[in-house]
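Note sheet for the following structure.
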Amino acid sequence: PILTATKNYYVEAKSTLGDCTSTSRVPVTVTVISTQLGTCLDANSQQTNANGLCLLCSVSNPNDSVDGNLNTAASLSVPVGLLNGWIQQTLQFNNPGKAGDIIDVILESPGGVLDLGVLSYISLATYNSGTFNNDRVSISNLLNVQLLGGNKFKASIVAGGTFDRVEIRLGGIVTALTSLNIYNASYRYKSPTITGNTTICSGQTTTLTAGVAVGETVAWYDASVDGN
């Protein structure tokens, strides 16, 4: 049968001579390992911490930001008017990315109006293990912020170096935004450099070459989705 949880089975031996069976059954445990949701480019583990000034900061459902479900979220909370305190969640990727890759983080401001003032209380940064890539940026300064409906949005940051985690920080200044939902973080490869003649006459051929990083390969298709 298809198993979704660990299950015990028991084996009983029976002789073909005399039709005798064993006096006891041998237990066999089939351990079912949960399949991770999401893709190999999604963050799949997290760590949440706050600085010493954020004594009343808290997190709810911290693992919901790395469960691969875009309908569940971790929630960070800070007190109203907090000065220089912050709480942050670091989301780690199982497969490291490279400088220039784009990290997408899906966030939500559960209360209040979503505007540049609110976004200034949220910052993103990337790390490679414990090494900071010096790329921290306030979301209000990002050019790529996409509204997803309501107060939910996707913020994208270009990694400043090789990375295996992204840090989402709430606070750091006099905070008007008191809560932040974190749904997911994933990354995508930077666009390859294409060389070759992209304008030709009918009946002619051309050769296009994609420049990729070490360890990467490319595949060509005739459509943005599916195709050949």
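Model, not experiment: these values are computed from the prediction.
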Do Phe132 and Val166 share a hydrophobic cluster, counting only Ile, Leu, Val, Met, Phe, Trp and Tyr and linking them when any side-chain heavy atoms are less than 4.5 Å apart?
no
Nearest heavy-atom neighbours spanning Ile139 and Ala155:
CD1-CB, 3.9 Å
Can you get from Ile182 to Tyr127 by hopping between Ile, Leu, Val, Met, Phe, Trp and Tyr side chains that sit under 4.5 Å apart?
no
Can you tell me if Lys190 has over 12 outside heavy atoms packed within less than 6.0 Å of its NZ?
no
Hydrogens and angles aside, do Thr90 and Gln88 bring a side-chain donor and acceptor to less than 3.5 Å of each other?
no
Distance col, row Leu124:CG vs Ser156:OG, nearest 0.5 angstrom, shows 9.0 Å
Distance-only criterion, 3.5 Å: show the donor-acceptor pairs between side-chain atoms of residues 220-228 and protein atoms not counting sequence neighbours.
unit_1: Asp222; atom_1: OD1; unit_2: Asn228; atom_2: N; d: 2.8

So, taking the atom named CG in Asn144 and the one named CG in Leu142, what distance separates them when rounded to the nearest 0.5 Å?
7.5 Å
Shortest non-hydrogen contact from Ser186 toward Asp42:
CB-OD1, 2.9 Å
Hey, does the Lys NZ or Arg CZ of Arg165 hover above the aromatic six-ring of Phe163, less than 6.0 Å from the centre and inside 45° of the axis?
no
Approximate separation, where rounding is to 0.5 Å, of Thr178 OG1 and Leu56 CG
12.5 Å
Within this structure, what is the CD1-OG distance for the pair Ile122 and Ser138, rounded to the nearest 0.5 Å?
8.0 Å
When hydrophobic residues are tied together by side-chain contacts of less than 4.5 Å, even through go-betweens, does Leu107 share a cluster with Leu147?
yes
Name the atoms and distances for all side-chain donor-acceptor pairs under 3.5 Å in residues 203-213, with sequence neighbours left out.
unit_1: Gln204; atom_1: OE1; unit_2: Cys201; atom_2: N; d: 2.9
unit_1: Thr206; atom_1: OG1; unit_2: Asn197; atom_2: O; d: 2.7

Tell me the closest heavy-atom pair linking Ser109 and Asn151, and the distance in Å.
O-CB, 2.9 Å
Could you check Ile102 against Ile157 for side-chain contact (heavy atoms from CB on, under 4.5 Å), going step by step and ending with a plain yes or no?
CA-CA 6 Å; Ile102 302 105; Ile157 178 176; over 6 Å; no
Could you tell me if Ser75 and Asn181 have a donor-acceptor pair between their side chains, going purely by distance under 3.5 Å?
yes
Minimum heavy-atom distance between Pro96 and Tyr187, given as atom pair plus value:
O-OH, 3.0 Å
same_hphob_cluster(Ile168, Leu41) at 4.5 Å side-chain heavy-atom cutoff
yes
Of all heavy-atom pairs between Asn128 and Asn133, which one has the smallest distance, and what is that distance?
N-ND2, 4.2 Å
Test side chain to side chain donor-acceptor pair (under 3.5 Å) applied to Gln46 and Asp64, Asn63, Asp67, the passing residue
Asn63
Gln89 side chain to Pro62 main-chain N or O, any donor-acceptor pair under 3.5 Å?
yes
In terms of hydrophobic clustering (I, L, V, M, F, W, Y; side-chain heavy atoms under 4.5 Å; direct or indirect links), are Val66 and Leu70 co-clustered?
no
Will you find, in the side chains of Ser123 and Arg136, an N or O donor that is under 3.5 Å from an N or O acceptor?
yes
Quick one: do Val105 and Tyr183 satisfy side-chain contact (heavy atoms from CB on, under 4.5 Å)? Show the steps, please.
CA-CA 8 Å; Val105 183; Tyr183 285 85; over 6 Å; no
Atom OG of Ser129 and atom CD of Gln92: how far apart are they, to the nearest 0.5 Å?
7.5 Å
Begin with the C-alpha distance, continue with both residues' side-chain angles, and end with the deciding distance and a verdict on side-chain contact (heavy atoms from CB on, under 4.5 Å) for Asn8 and Val28.
CA-CA 6 Å; Asn8 292 325; Val28 178; over 6 Å; no
Asp135 side chain vs Thr126 backbone, donor-acceptor pair below 3.5 Å:
yes
I'd like to know if Arg188 and Asp104 make a salt bridge, using a cut-off of under 4.0 Å between side-chain N and carboxylate O.
yes
Step by step, work out the side-chain contact (heavy atoms from CB on, under 4.5 Å) result for Thr48 and Leu76.
CA-CA 9 Å; Thr48 305; Leu76 305 182; 4.1 Å; yes
Of the non-hydrogen atoms in Leu91 and Ala185, which two are nearest, and what is the gap between them?
CD1-CB, 3.5 Å
Interatomic spacing from CZ in Arg169 to CG in Asn49 - rounded to 0.5 Å
8.5 Å
